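Bear in mind that the values here come from a model prediction, so they are computed numbers and not experimental data.
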Amino acid sequence: MAVLTINDTSAGGRSVSPGTAPRFSIARFGGRWLSPILLLLLWEAGSRVGLIPERTLAAPSAVIGTLFGMVISGELPSNLLVSFARVAAGLIIGVTLGLALGLVAGLSRSGELAVDPLMQIKRTIPALALTPLFIVWFGIGETPKVALIAFGTIFPVYLNLYSGIRSVDLRLLDAAKSFGLSRWDQIWHVVLPSALPQLLVGLRYALSVSILVLVVAEQINASAGLGYLINNARDFMRTDIIVVCLMVYAILGLGADWLVRSIEARALIWRPSIVEQ
């Protein structure tokens with residue numbers, strides 16, 4: 001009786017017999033975590049032997065202890081809510097304006113001539129460069145912080161929506177016209193769904209920009225928020241608190257990206273995937 005042998009060419013030409021379990025691969029299951037864990041261990045070891053002074057950078061164990069202490073005392077959650085409210089207010093304003101301007105410029109030639117030159121001028125002006133001017137206009141309260149976030153998040157949404165609308169396949173529009181769809185029905189059923197993938201890309205970018213702008217905006221005479229905690233920690237050389245706040249900023253960014261990815265998975269379920277599972 002012949003013995004069946006399967007040659008697995010995807011495994012570098014190695015032959016794999018039936019019933020043989022695949023070997024455990026560190027690179028496959030833990031490779032992505034290996035270097036970060038190694039870095040944390042080296043960081044902790046350097047702190048314990050005195051190579052990294054506490055005033056320069058607190059040890060990971062000290063950072064974790066500070067994190068738990070700030071959470072239990074309520075200091076971190078209360079300031080996190082303040083920062084979250086600033087980001088939410090700025091995003092609502094910026095995304096709304098970006099959507100409105102993108103629709104006007106994308107759906108109308110006259111709208112493009114009126115809106116796009118101004119948006120291109122806005123693109124060349126860094127949002128953070130307007131900080132002194134916003135302080136002069138709005139004072140040092142909450143308004144300049146929210147305005148900076150809104151200003152920074154308008155353009156990513158506008159540009160991606162505008163580009164998505166102008167990139168709609170003309171054959172789809174011709175098919176919609178042949179079915180007798182009105183101009184509004186064409187926009188609602190063809191143009192906007194086709195532009196949705198690029199709009200979500202713009203939204204992801206806008207969320208990332210909002211976190212980056214928040215870091216600087218909260219340095220403007222803040223009396224609460226993550227930036228307020230960082231300023232106080234800097235004055236008292238508390239590097240552990242600074243690292244905790246930086247970790248929270250990073251988690252906010254990752255959470256925002258996860259939120260848009262979740263929306264994308266549901267809203268674009270009709271889109272075929274070119275990436276194998």
Colleague: Establish, from distance only, whether the side-chain atoms of Y162 and Q198 form a donor-acceptor pair under 3.5 Å.
Modeller: no
Colleague: Apply side-chain contact (heavy atoms from CB on, under 4.5 Å) to residues V215 and I230 and explain how you reach the verdict.
Modeller: CA-CA 10 Å; V215 175; I230 289 178; 5.7 Å; no
Colleague: If hydrophobic clusters are built by linking Ile, Leu, Val, Met, Phe, Trp and Tyr wherever their side-chain heavy atoms come under 4.5 Å apart, do W258 and L252 end up in the same one?
Modeller: yes
Colleague: Yes or no on side-chain contact (heavy atoms from CB on, under 4.5 Å) for R238 and T66, after CA distance, side-chain angles and deciding distance?
Modeller: CA-CA 10 Å; R238 292 292 304 274; T66 301; 4.2 Å; yes
Colleague: Looking only at non-hydrogen atoms, find the nearest pair between A127 and G152 and report the distance.
Modeller: CB-CA, 3.9 Å
Colleague: To the nearest 0.5 Å, tell me how far L212 CG sits from L148 CG.
Modeller: 13.0 Å
Colleague: H189 versus W184: any side-chain heavy-atom pair under 4.5 Å?
Modeller: no
Colleague: Could you check whether any side-chain N or O of T153 sits under 3.5 Å from a backbone N or O of S210, counting only pairs where one atom can act as donor and the other as acceptor?
Modeller: no
Colleague: Looking at I140, I want to see if its CD1 is surrounded by more than 12 non-hydrogen atoms of other residues, nucleotides or ligands under 6.0 Å.
Modeller: no
Colleague: Would you please test L207 and L91 for side-chain contact (heavy atoms from CB on, under 4.5 Å) and show each step?
Modeller: CA-CA 8 Å; L207 288 171; L91 276 173; 3.1 Å; yes
Colleague: Under the 3.5 angstrom rule, does the side chain of T143 hit a backbone N or O of G139 as a donor-acceptor pair?
Modeller: no
Colleague: Say whether, by atom type as modelled, one donor and one acceptor occur between the side chain of R166 and the main chain of A105 under 3.5 angstrom.
Modeller: yes
Colleague: Would a 4.5 Å heavy-atom cut-off, applied to side chains only, mark E218 and Y228 as touching?
Modeller: no
Colleague: Taking E142 for the side chain and R86 for the main chain, is one N or O donor matched with an acceptor at less than 3.5 Å?
Modeller: no
Colleague: Is the backbone N or O of G253 less than 3.5 Å from a side-chain atom of D257, with the two atoms forming a donor-acceptor pair by type?
Modeller: no
Colleague: S163 side chain to L159 main-chain N or O, any donor-acceptor pair under 3.5 Å?
Modeller: no
Colleague: Identify the two heavy atoms, one from P156 and one from A206, that lie closest to each other, and give their separation to 0.1 Å.
Modeller: CB-N, 4.1 Å
Colleague: Checking N79 side chain against G225 main chain: does a donor-acceptor pair fall under 3.5 Å?
Modeller: yes
Colleague: Checking the side chain of T96 only, and the main-chain atoms of I93 only, is there a donor and an acceptor separated by less than 3.5 Å?
Modeller: no
Colleague: Examine L196 and V104 and state if one hydrophobic cluster contains both, with Ile, Leu, Val, Met, Phe, Trp and Tyr joined whenever side-chain heavy atoms are less than 4.5 Å apart.
Modeller: no
Colleague: Please report the closest heavy-atom contact between V168 and S194, naming both atoms and the distance.
Modeller: CG2-CB, 3.8 Å
Colleague: Taking all heavy atoms of L67 and all of M247, pick out the closest pair and write down the distance.
Modeller: CD2-CE, 4.4 Å
Colleague: Look up atom CG in D240 and atom CD1 in I64, then write down how far apart they are to the nearest 0.5 Å.
Modeller: 12.0 Å
Colleague: If you look at every heavy atom in S61 and R48, which pair is closest and at what distance?
Modeller: OG-NH2, 4.0 Å
Colleague: Which value, rounded to the nearest 0.5 Å, describes the distance between Y249 atom OH and S83 atom OG?
Modeller: 5.0 Å
Colleague: Are L200 and R204 packed together at the side-chain level, in the sense that at least one heavy-atom pair is separated by less than 4.5 angstrom?
Modeller: no
Colleague: Between L99 and L199, does a side-chain contact (heavy atoms from CB on, under 4.5 Å) hold up when you go through it step by step?
Modeller: CA-CA 9 Å; L99 287 173; L199 173 60; 3.6 Å; yes
Colleague: Do you reckon V146 sits in the same ILVMFWY cluster as V157, going by side-chain contacts under 4.5 Å, direct or chained?
Modeller: no
Colleague: Following the transitive rule for hydrophobic clusters with a side-chain heavy-atom cut-off under 4.5 Å over Ile, Leu, Val, Met, Phe, Trp and Tyr, establish whether V71 and L226 coincide in one cluster.
Modeller: yes
Colleague: To the nearest 0.5 Å, tell me how far L107 CG sits from L161 CG.
Modeller: 8.0 Å
Colleague: Could you pull out all residues at least two apart from F134 that satisfy ring pair (Phe, Tyr, Trp, His ring centres under 6.0 Å)?
Modeller: W137, F138
Colleague: CZ/R123 to CD1/I154 distance, rounded to the nearest 0.5 angstrom?
Modeller: 15.0 Å
Colleague: If the test is side chain to side chain contact (heavy atoms under 4.5 Å, CB included), which one of L80, L229, I241 qualifies with E75?
Modeller: L229
Colleague: How close do V244 and V63 get, counting heavy atoms only, and between which atoms?
Modeller: CG2-O, 3.6 Å
Colleague: Between the main-chain N or O of F151 and the side-chain N or O of K122, is there a donor-acceptor pair closer than 3.5 Å?
Modeller: yes
Colleague: Quick one: pull up CD1 in I165 and CD1 in I187 and give me the separation to the nearest 0.5 Å.
Modeller: 8.0 Å
Colleague: Is L113 reachable from I121 through a run of hydrophobic residues whose side-chain heavy atoms are each under 4.5 Å from the next?
Modeller: no
